[in-house]
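Structure first, then comments.
Values in this document were obtained by computation on a predicted structure and should not be read as measured data. All chains are named by letter (A, B, ...) in the order of the sequence lines, taking the proteins before the strands, and each is independently numbered beginning at 1.
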Amino acid sequence: MPELPEADAARQRIADNCLHRTIQGFALGEVKHVDLPSEAERNRFVGTQFSQTRRHGKYIFAGSKDGPWLHIHLGMSGSLRVYDDGDTPPDYARLTVVFEGERRLAFRDPRKFGHVKLVEDVDEFIAAKGLGPDAMEIGDNAFAQAVGSTRGAVKSALLDQSKLAGVGNLWSDEALYCTGIMPTAKANELSADRVAHLRRAIQDIMGYVTSKNADYSHLPHDWLIHNRTKGAACPRCGGTITTLKVGGRTAYHCPDHQTNAG
DNA sequence: TGATATGTTTTACT
DNA sequence: CAGTAAAACATATC
């Protein structure tokens, strides 16, 4: 479940359950084709503790003041699970951080598109990746510049991590649905008001999802997320939920209340 | 069985 | 350079 809110919920789980505990070692699961830190890299964490966490876009980091950081990307199907030794361990655990005592932190990744790496410096890493500003922190002007000046489809701009970090397919659809903007609308043809509205919607939606720990069952029933089915009735206007391909992704939307202009 | 999938990267083309 | 499109990655689920 990996866009910005899911990544932040995962980061929060580390912050709440795994800080200031000495790392005893790591356990590996079925790791063929999974991109993980080498044994030498893992050993650099043994005997140390995580004391802080960070997140930028969909990228999660756990580290300490002077040591290296463990960087986690959840890919398409990854998640983090905290448990205690003696509990049933999660399925698809590729790498488990074993803390002294009972505590365990498992990186689950059924589809193996995620990864865990060691990074020396988070800011350098973000810069090297070419990530844009975090979607929760970007201001009006920067958003208008990054997204509103693009000639292509607004959805494609939202998904471009170099323009804006953290928005993925699900929440881009939700924000466009909420603001009544067609996914295929040309970003630079939207009014300044609509662009500003879109930024607020992204931050309101993702902030709310984050506050609910990315538990979709706690989200309002009239959100697109609960009606993301071709042919479903739009809970806002009674139109029909329809799909399009935009930027290679499936864009669920309601053609009755999502428009190119207006 | 085949289609689809919350992401990223690479390559090629316009 | 800006943008588009398609494919690849490995696997699960409907």
So, for [X] and [Y], is the gap between ring centers shorter than 6.0 Å?
{"X": "His253(A)", "Y": "Tyr177(A)", "result": "no"}
{"X": "Phe125(A)", "Y": "Phe61(A)", "result": "yes"}
{"X": "Trp171(A)", "Y": "Tyr216(A)", "result": "yes"}

Just to be sure I understand the rule, does [X] reach a base, reach only the sugar-phosphate, or reach nothing, if contact means heavy atoms closer than 4.0 Å?
{"X": "Lys186(A)", "answer": "nothing"}
{"X": "Lys245(A)", "answer": "sugar-phosphate"}
{"X": "Arg94(A)", "answer": "nothing"}
{"X": "Gly152(A)", "answer": "sugar-phosphate"}

Rounding to an integer number of Å, can you tell me how far [X] [atom1] sits from [N] [atom2]?
{"X": "Arg249(A)", "N": "dG3(C)", "atom1": "CZ", "atom2": "P", "answer": "19 Å"}
{"X": "Leu244(A)", "N": "dA5(C)", "atom1": "CG", "atom2": "C1'", "answer": "16 Å"}
{"X": "His33(A)", "N": "dA8(C)", "atom1": "NE2", "atom2": "C1'", "answer": "13 Å"}
{"X": "His56(A)", "N": "dT8(B)", "atom1": "NE2", "atom2": "P", "answer": "12 Å"}
{"X": "Arg228(A)", "N": "dC14(C)", "atom1": "CZ", "atom2": "P", "answer": "16 Å"}
{"X": "Glu3(A)", "N": "dT6(B)", "atom1": "CD", "atom2": "P", "answer": "8 Å"}
{"X": "Leu159(A)", "N": "dG3(C)", "atom1": "CG", "atom2": "C1'", "answer": "14 Å"}
{"X": "Asp160(A)", "N": "dA2(C)", "atom1": "CG", "atom2": "P", "answer": "10 Å"}

Is any side-chain nitrogen or oxygen of [X] closer than 4.0 Å to OP1 or OP2 of [N]?
{"X": "Tyr59(A)", "N": "dG7(B)", "result": "no"}
{"X": "Arg151(A)", "N": "dT4(C)", "result": "no"}
{"X": "His73(A)", "N": "dG7(B)", "result": "no"}
{"X": "Lys58(A)", "N": "dT6(B)", "result": "no"}
{"X": "Lys32(A)", "N": "dC9(C)", "result": "no"}
{"X": "Thr250(A)", "N": "dA5(B)", "result": "yes"}

Rounded P spacing from dA6(C) to dT4(B) in Å =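 Rounded to whole Å, the distance is 14 Å.
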P spacing across the pair dA7(C) / dA3(B), given as an integer number of angstrom |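 Approximately 14 Å lies between the P atom of dA7(C) and that of dA3(B).
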List in numerical order all residues of residues 111-133 of chain A for which some heavy atom is under 4.0 Å away from an atom belonging to DNA chain C.
->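 DNA chain C contact set from residues 111-133 of chain A: Arg111(A), Lys112(A), Phe113(A).
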Give me the ring orientation class for Tyr59(A) and His115(A): parallel if the planes are under 30° apart, tilted from 30 to 60°, perpendicular past 60°.
->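 Taking His115(A) first and then Tyr59(A), their aromatic rings sit tilted (interplane angle of 30° to 60°).
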Please work out whether the ring planes of Phe50(A) and Phe99(A) are parallel, tilted or perpendicular, with thresholds of 30° and 60°.
->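 Geometry flag for Phe99(A) against Phe50(A): perpendicular rings.
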Side-chain donor/acceptor of Glu30(A) to backbone N/O of Lys32(A), under 3.5 Å |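 Side chain of Glu30(A) to backbone of Lys32(A), a donor-acceptor pair under 3.5 Å: yes, one is there.
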Backbone N or O of Gly114(A) within a donor-acceptor pair of the Asp109(A) side chain at under 3.5 Å?
->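 At least one qualifying donor-acceptor pair exists.
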Anything below 3.5 Å on both distances counts as a pair; with that, list the stems of at least three consecutive Watson-Crick or G-U pairs involving DNA chain B.
->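 Listed by first number, the stems are B:2-5 with C:11-14, B:7-14 with C:2-9.
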For Arg11(A) and Thr53(A), what are the C-alpha separation, side-chain angles and deciding distance, and is it a side chain to side chain donor-acceptor pair (under 3.5 Å)?
-> CA-CA 7 Å; Arg11(A) 180 201 60 74; Thr53(A) 60; 2.9 Å; yes
Select one nucleotide: of dA5(B), dT11(C), dG7(B), the one nearest the side-chain heavy atoms of Asn169(A).
->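 So the side chain of Asn169(A) is nearest to dG7(B).
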If we ignore angles and hydrogens, is there a donor and acceptor under 3.5 Å between the side chains of Ser191(A) and Asp193(A)?
->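 Per modelled atom types, Ser191(A) and Asp193(A) side chains form no pair under 3.5 Å.
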Side chains of Thr184(A) and Lys155(A), donor plus acceptor under 3.5 Å =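 No - no donor-acceptor pair under 3.5 Å links their side chains.
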side-chain contact (heavy atoms from CB on, under 4.5 Å), paired with Leu158(A), selected from Thr150(A), Asp173(A), Val246(A), Leu164(A) |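 The residue from Thr150(A), Asp173(A), Val246(A), Leu164(A) that satisfies side-chain contact (heavy atoms from CB on, under 4.5 Å) with Leu158(A) turns out to be Leu164(A).
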